[in-house]
Amino acid sequence: MSDPAVQPLFASAVRAVRKLHDLGDPLPDDVVTQLPKLESSSMSEADKRSQLETLLRPFVLVDVSIDEQGIAVSAPGAAPPRLVQHGWRSFLVRVANPHRIEANLVTWNGGVYGLIDYQSHSARIALHDTLTVVPRIKDAWLDAKIAAPGDLSGLEVEYKVISLYARDGGVRSGGLSLFAADEHNHHSLSRSPLGFAGFRTNFELREYAASFDFDCAPAREIQLDIREPDGRSCMAAITVRDAQGRSYPSKAMRLAPDMFFHEHVYRATGEVIRLPEGRYEVSAIRGPEYRQVVQTADIDAGTETVPITLDRWVDPASHGYYSGDPHIHAGGCSHYNVPSEGVTPETMIRHVRGEGLWLGSVLTWAPCYYHQKQFFTGESISPSADLEYPAMQAAQGMTWSPQPTDRDAESALRYDVEVSGFPSSHSGHLILLGLTDQDYPGTSLIEDWPSWNLPVLRWAKEQNALVGYAHCGVGLGVGTEELPNYIVPSFQGIGSNEIIVDVPLGAADFQCGGQLAPAAELNIWYHLLSVGYRTLMLGETDYPCMYDEGPGVGRTYVRLAEPPAGPQAIEAWITGLRGSASYFGDGRSHVFDLAVDGDVSREHPLDTPGAVRVSATVAAWLPEEPPAPPAGRPVYSAPMGWHLERSRIGTSRAVVVEVVLNGVVVASQEVVADGTEQEVAFDVTVERSSWLALRILRSVHTQPIFLEIDGRPIRASRRSAQWLHDSVDQLWKVKSGFIRETERDAARQAYDEAQAGYLARRDECEAD
């Protein structure tokens, strides 16, 4: 091995020392100040190298040597292996790379002898009846990450930084295995004869690992005293970060109900988080009806409790409006690598309560169907937010006890079905709310269900279920934001496809959205309304698939005479959807008591054409200034989907409230999104039977009020009727090949009946 060049070696050392400082584990000042002096000294390069290595050796935890095949051998360095429970410590890694291999330096399975992978540990690594699951979790107590940049530059010697997280306190034995991985996919170098990561077995991995007896200083159990502004206890989303922005508890060491894909965890008043001593930023929020509270917490030997008072800016329930998310999942998507199981109702209720929702519809779908269907009861439930499997959670160190709160009874779950991953899913994913029987007649497997949606919808409606379509805009964008537009979409996705057949046949009640571009989501709805159908539109999240921040990213608010509660909570909510006022959106803006001439009824008959008075109470909240753009970006980019930030006018705090008549904006007014309730009123001329709604585009949209003049039905647009007719042709062209041959004749007949209905309504329309 030739002597490494001095300048690149010093540059590597300086970068690593700076990284240690940034991560909160700086080297002693005298060591840091010696580095530039040593580099600029007049001694020989050999002496500089020697003294640099001597200077940094006491802080090197792992010495790594990489051979010509790319196999890395790790050995303990001189740094004392002292860690802190539930916290991070960072150390130097010295890498000897005499063959100048360029790759990424990575840790193997969080540094724990290849026992588990990252995401599986973060959720649940096997079904709960697997005999080895508890010891595997118990042994997987150490997480390790190479701090960026982790690429090996081809220097013969260089320094990197490794950060270690210890779940447990006390003295624990563990190994650290580092290896050189392909920079694109973290697979080992192709020339390695031992296959993936250079190792065939855990035994071989141990042979190349550095073994330590880690001394882990214990963390403190910090109780959270979370309160509503009126003093009531509750559940909330709590995010704890250190000065380096790292979340606590470690995302890699989470087990349900704490999710590895969240920055936050859900905690109730009196519950705990373990933290080592230090300074933390603690933020708390309970859904979009609250402003985020951010405070600093200094944790020391005398700290027992962190008090948190939430900041609510609006309370729709005080106006009689109750929130629900009709589309959340307990398994699949972000939850698990192998989503055949998912989490229990005890975890799902914690998430629903933590987001301030009154109702959460937990939809069983294909990836978790056979396991999750056991939780279907045919009624609403509000279980205790207990820990799911105590043995596993005890092995994970989750020894805290769940606590009841004053607001627990306000949140309920209802298990129902999303027809996704079923034979008919090509026609659009169905949501079936309020089922009394979740098994389609004559079936025992998902594959036995019908291959188009109409039979499923009719079966569900026989149970008095409310039925419709999920993530309605998927595949329905046509390259314009115009509303309404008359471009026939491709229907190549999984959005509201067959709804254009099912609605005229009386088989579909709603579509769900509030996730994508309004033109893709609202266009079918507007056209159906404009030819006289009473189709509903709901806000949903599709948690944790389209959005995994938490339930309630998209919400539906329904006006009820009393709060939905007890076993029939969802039935009360559904009844309100069918006949009462409601609105949907992101929860950052609200429209209460939309009325025509003072009447809040959904149906408002008129004797003659003329002017009507449209009024409502509107509340919205935005921060005074737009968020600063992320580092490296010239402007702030608002979140995807529906979000009030995307409604902001320039850099002001104003947004526009619009009156929509038959899909067309006929009046508007700016309001300041400062959280106050503001009365808005508009004079609108109604020339023919019409539908009318209010919206703040990208944030909130009301259900329509239907205005029939002299008893004449709404037939507001010939173009809408023709567009719907033509869309059925396109739908058949794209989807009929997926319908079983034995069912195709019945489907063709239904498609023909729907088209005939549209043509009849087209001929009855009063305007183009």
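Numbering of residues begins at 1 and proceeds along the displayed sequence. For the numbers below, each heavy atom of this structure counts, side chains included, while hydrogens, waters and symmetry mates do not.
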Q: Give me the ring orientation class for His527 and Tyr486: parallel if the planes are under 30° apart, tilted from 30 to 60°, perpendicular past 60°.
A: tilted
Q. What pairs with Asp674 under salt bridge (charged side-chain N to carboxylate O under 4.0 Å, His left out), at least two apart in sequence or on another chain?
A. none
**Q.** For His329, side chain to side chain donor-acceptor pair (under 3.5 Å) partners two or more places apart
**A.** His327, Trp365, Glu418, Asp542
Q | Cys234 and Ile226: CA distance, side-chain angles, deciding distance, side-chain contact (heavy atoms from CB on, under 4.5 Å) verdict | A | CA-CA 7 Å; Cys234 63; Ile226 306 164; 3.9 Å; yes
Q) Considering residues, nucleotides and ligands other than Arg18, do more than 12 of their heavy atoms fall under 6.0 Å from its CZ? A) no
Q) With distance as the sole criterion, is a donor-acceptor pair present between the side chains of Gln511 and Ser496 under 3.5 Å? A) yes
Q) Can the ring centroids of Phe510 and Tyr469 be said to lie less than 6.0 angstrom from one another? A) no
Q. Does a side chain donor of either Trp621 or Glu289 reach within less than 3.5 Å of an acceptor in the other side chain?
A. no
(Q) If we count only N and O atoms by modelled type, under 3.5 Å, do the side chains of His319 and Glu677 hold a donor and an acceptor together? (A) yes
Q) Is it the case that Thr239 and His264 place a side-chain donor and acceptor less than 3.5 Å from each other? A) no
Q.
Under a 3.5 Å cutoff, is there a donor and acceptor pairing between the side chains of Gln223 and Glu271?
A. no
Q: Taking Ser727 for its side chain and Val488 for its backbone only, find out whether a donor-acceptor pair lies under 3.5 Å.
A: no
Q: May I ask you to check whether Ser699 and Asp586 show a side-chain donor-acceptor distance below 3.5 Å?
A: yes
(Q) Using the salt bridge (charged side-chain N to carboxylate O under 4.0 Å, His left out) criterion, which residues pair with Asp593? Sequence neighbours excluded. (A) Arg559
Q. So do the side chains of Leu224 and Thr305 get within less than 4.5 Å of each other, counting heavy atoms only?
A. no
Q: Return yes if a side-chain donor-acceptor contact under 3.5 Å exists between Ser90 and Ser163, otherwise no.
A: yes
Q: Specify whether His351 and His262 have parallel, tilted or perpendicular ring planes, treating 30° as the upper limit for parallel and 60° as the lower limit for perpendicular.
A: tilted
Q.
If you count every heavy atom of other residues, nucleotides or ligands that lies below 6.0 Å from Arg279 atom CZ, does the total exceed 12?
A. no
Q) Does one side chain, of Glu549 or Tyr543, offer a donor that lies under 3.5 Å from an acceptor on the other? A) no
Q.
In this structure, is the centre-to-centre distance between the rings of Tyr321 and Tyr583 below 6.0 Å?
A. yes
Q. Is there a donor in the side chain of Tyr248 and an acceptor in the side chain of Glu263, or the other way round, less than 3.5 Å apart?
A. no
Q: Kindly indicate, with the supporting measurements, whether the criterion ring pair (Phe, Tyr, Trp, His ring centres under 6.0 Å) is fulfilled by Trp88 and Tyr165.
A: CA-CA 5 Å; Trp88 291 89; Tyr165 179 95; 5.4 Å; yes
**Q.** Closest approach of Ser668 to Val656 (non-hydrogen atoms, all atoms of both residues)
**A.** CB-CG1, 3.7 Å
Q: Answer yes or no for Arg254 and Phe260: cation-pi contact, defined as NZ/CZ to six-membered ring centre under 6.0 Å and angle to ring axis within 45°.
A: no
(Q) For the residue pair Ser530 / Ser717, report whether a side-chain donor-acceptor contact shorter than 3.5 Å exists. (A) no
Q: State which residue, out of Arg267, Arg274, Arg350, fulfils the salt bridge (charged side-chain N to carboxylate O under 4.0 Å, His left out) condition with Asp258.
A: Arg267
**Q.** Pair Arg286 + Glu228: basic N to acidic O under 4.0 Å
**A.** yes
